[in-house]
J.: 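The structure that follows is given in the form of structure tokens.
Source: prediction; values computed, not measured.
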Amino acid sequence: MTDLERFFRRLVANLASTDPARLHRPIPLDDVRYSILPYRANRRALGLDSSEDYELVLLRLCAGEGGYLRTEPEEARVRFVQELRSPNPDLDVLGALENVLVTLRSEPLARALGPEPEASYAPPPPFIAQPSDVPEFPDLDPPAEPDAVPEEPVPPHCLYCGGALPAHRAVNFCPHCGQSQTVAVCAHCHGELEPGWRHCVNCGATVGPA
């Protein structure tokens, strides 16, 4: 809300609470300054820091700025406009002219009698998740591994000479070196013996020749 609108709304509110009939009649400018809207009694509501600020806003209103007031006679309004255009406006001009009347214009008066405008509020735009906003979660189920290729069975070999043995029949002796292919056991503890061992790893007994 501008200083002009705040000043005009305060003027309308004071008149409406004391003498509503004057809202629609010409009002002497001196009455505005000294009885209807004096600075000292309204400075907080007007939000103006000094009497000079008060008189400058009133001068702007009486000059026709914002279209809030109609000032009569027209010569007085023209004089106010000229003063505002000067580098250092003489604020005493408000009291130097006699028989100056101001009338509240109908449209701004109707707005001022209504509720004060609230600060516009724009609701926030709806949230739309972007790809960067979506967290990356690991897969709950690990991807299936490709089926393993079955390994080809290793053909049997002789425990002594390493020669290949027949794969699809029972073999007791190597067809290459004639050595027995059955598992040797210790004569004392019956533990398994590897080819070439001279002693049992379980009991330490001497292993005889195959």
Side-chain angles (χ1 to χ4, degrees), residues 1-140:
M1 184 183 298
T2 65
D3 291 341
L4 291 176
E5 185 177 1
R6 187 179 298 107
F7 194 107
F8 182 75
R9 281 184 168 271
R10 185 66 178 180
L11 174 60
V12 171
N14 287 3
L15 282 172
S17 62
T18 57
D19 191 356
R22 301 187 73 185
L23 292 169
H24 306 282
R25 298 203 303 259
I27 305 167
L29 179 55
D30 285 347
D31 286 2
V32 175
R33 299 176 65 198
Y34 300 117
S35 60
I36 301 173
L37 191 61
Y39 168 70
R40 292 186 179 277
N42 296 272
R43 57 183 179 180
R44 288 190 177 181
L46 296 175
L48 300 173
D49 297 330
S50 65
S51 59
E52 288 78 10
D53 293 337
Y54 168 91
E55 291 177 349
L56 182 58
V57 174
L58 180 56
L59 182 61
R60 292 165 59 193
L61 284 170
C62 293
E65 184 175 342
Y68 293 98
L69 303 178
R70 182 172 66 251
T71 301
E72 299 172 314
E74 176 64 15
E75 292 79 5
R77 189 192 68 82
V78 172
R79 174 67 187 280
F80 295 153
V81 172
Q82 293 172 345
E83 201 61 47
L84 283 173
R85 290 176 178 173
S86 66
N88 296 302
D90 182 7
L91 301 178
D92 291 338
V93 72
L94 289 170
L97 303 178
E98 297 181 356
N99 302 320
V100 178
L101 301 175
V102 295
T103 304
L104 312 184
R105 294 187 178 273
S106 58
E107 289 188 8
L109 174 59
R111 291 197 300 268
L113 290 173
E116 291 190 8
E118 298 181 358
S120 60
Y121 170 74
F127 174 77
I128 301 176
Q130 301 298 325
S132 59
D133 298 325
V134 179
E136 296 182 0
F137 294 103
D139 294 333
L140 296 180

J.: Got a second to check how far Asp30's CG is from Ile36's CD1, nearest 0.5 Å?
T.: 10.5 Å
J.: Could you list the residues that satisfy side-chain contact (heavy atoms from CB on, under 4.5 Å) with Glu55, not counting sequence neighbours?
T.: Arg33, Leu91, Leu94
J.: Using the salt bridge (Lys or Arg N to Asp or Glu O under 4.0 Å) rule, collect all pairs that involve residues 99-110, keeping only residues at least two apart or in two chains.
T.: none
J.: Supply the atom-to-atom distance Leu109 CG to Leu23 CG, rounded to the nearest 0.5 angstrom.
T.: 5.5 Å
J.: Check the pair Gln82, Arg85 against side-chain contact (heavy atoms from CB on, under 4.5 Å), reporting the backbone distance first and the verdict last.
T.: CA-CA 5 Å; Gln82 293 172 345; Arg85 290 176 178 173; 5.8 Å; no
J.: Partners of Arg10 by side chain to side chain donor-acceptor pair (under 3.5 Å), sequence neighbours excluded?
T.: Asn42
J.: At what distance, to the nearest 0.5 angstrom, does OG of Ser51 lie from CZ of Arg40?
T.: 7.5 Å
J.: So do the side chains of Pro28 and Leu101 get within less than 4.5 Å of each other, counting heavy atoms only?
T.: yes
J.: Taking side-chain contact (heavy atoms from CB on, under 4.5 Å) as the test, write out the residues that go with Asn88, two or more places apart.
T.: none
J.: Tell me, please, which residues at least two apart from Asp53 pass side chain to side chain donor-acceptor pair (under 3.5 Å).
T.: Ser50
J.: I need the Thr103 OG1 to Leu69 CG distance, nearest 0.5 Å.
T.: 8.5 Å
J.: With sequence neighbours excluded, what pairs up with Glu98 under the side-chain contact (heavy atoms from CB on, under 4.5 Å) test?
T.: none
J.: Please list all pairs meeting ring pair (Phe, Tyr, Trp, His ring centres under 6.0 Å) that have one or both residues in residues 35-57, counting only residues at least two apart or in different chains.
T.: Phe7-Tyr54, Tyr39-Tyr54
J.: Kindly indicate whether the side chain of Leu15, heavy atoms from C-beta on, has any atom under 4.5 Å from the side chain of Leu104.
T.: yes
J.: Kindly state each residue pair satisfying ring pair (Phe, Tyr, Trp, His ring centres under 6.0 Å) with at least one member in residues 76-97, sequence neighbours excluded.
T.: none
J.: Is it the case that the side chain of Glu83 and the backbone of Pro89 share a donor-acceptor pair, with hydrogens and angles ignored and the cut-off at 3.5 Å?
T.: no
J.: What residues, two or more places apart in sequence or in another chain, satisfy salt bridge (charged side-chain N to carboxylate O under 4.0 Å, His left out) together with Asp31?
T.: Arg22
J.: Can you tell me how far CG of Leu46 sits from CG of Leu37, rounded to the nearest 0.5 angstrom?
T.: 5.0 Å
J.: Minimum heavy-atom separation for Pro108 and Phe8, please, with both atom names.
T.: O-CE2, 3.4 Å
J.: Nearest heavy-atom pair of Val81 and Ala63: which atoms, and what distance?
T.: CG2-O, 3.5 Å
J.: Who passes side-chain contact (heavy atoms from CB on, under 4.5 Å) against Arg6, sequence neighbours left out?
T.: Met1, Asp3
J.: Going by side chain to side chain donor-acceptor pair (under 3.5 Å), name the residues that satisfy it together with Glu72, two or more places apart in sequence or in a different chain.
T.: none
J.: When rounded to the nearest 0.5 angstrom, what distance separates CZ in Arg9 from CG in Leu113?
T.: 8.5 Å
J.: Using a 4.5 Å cut-off on heavy atoms from C-beta on, say whether the side chain of Leu97 contacts that of Glu75.
T.: no
J.: Please enumerate all residues that pass salt bridge (charged side-chain N to carboxylate O under 4.0 Å, His left out) together with Glu65, with sequence neighbours excluded.
T.: Arg60
J.: Evaluate the side-chain proximity of Leu29 to Cys62: yes if any heavy-atom separation is below 4.5 Å, no if none is.
T.: yes
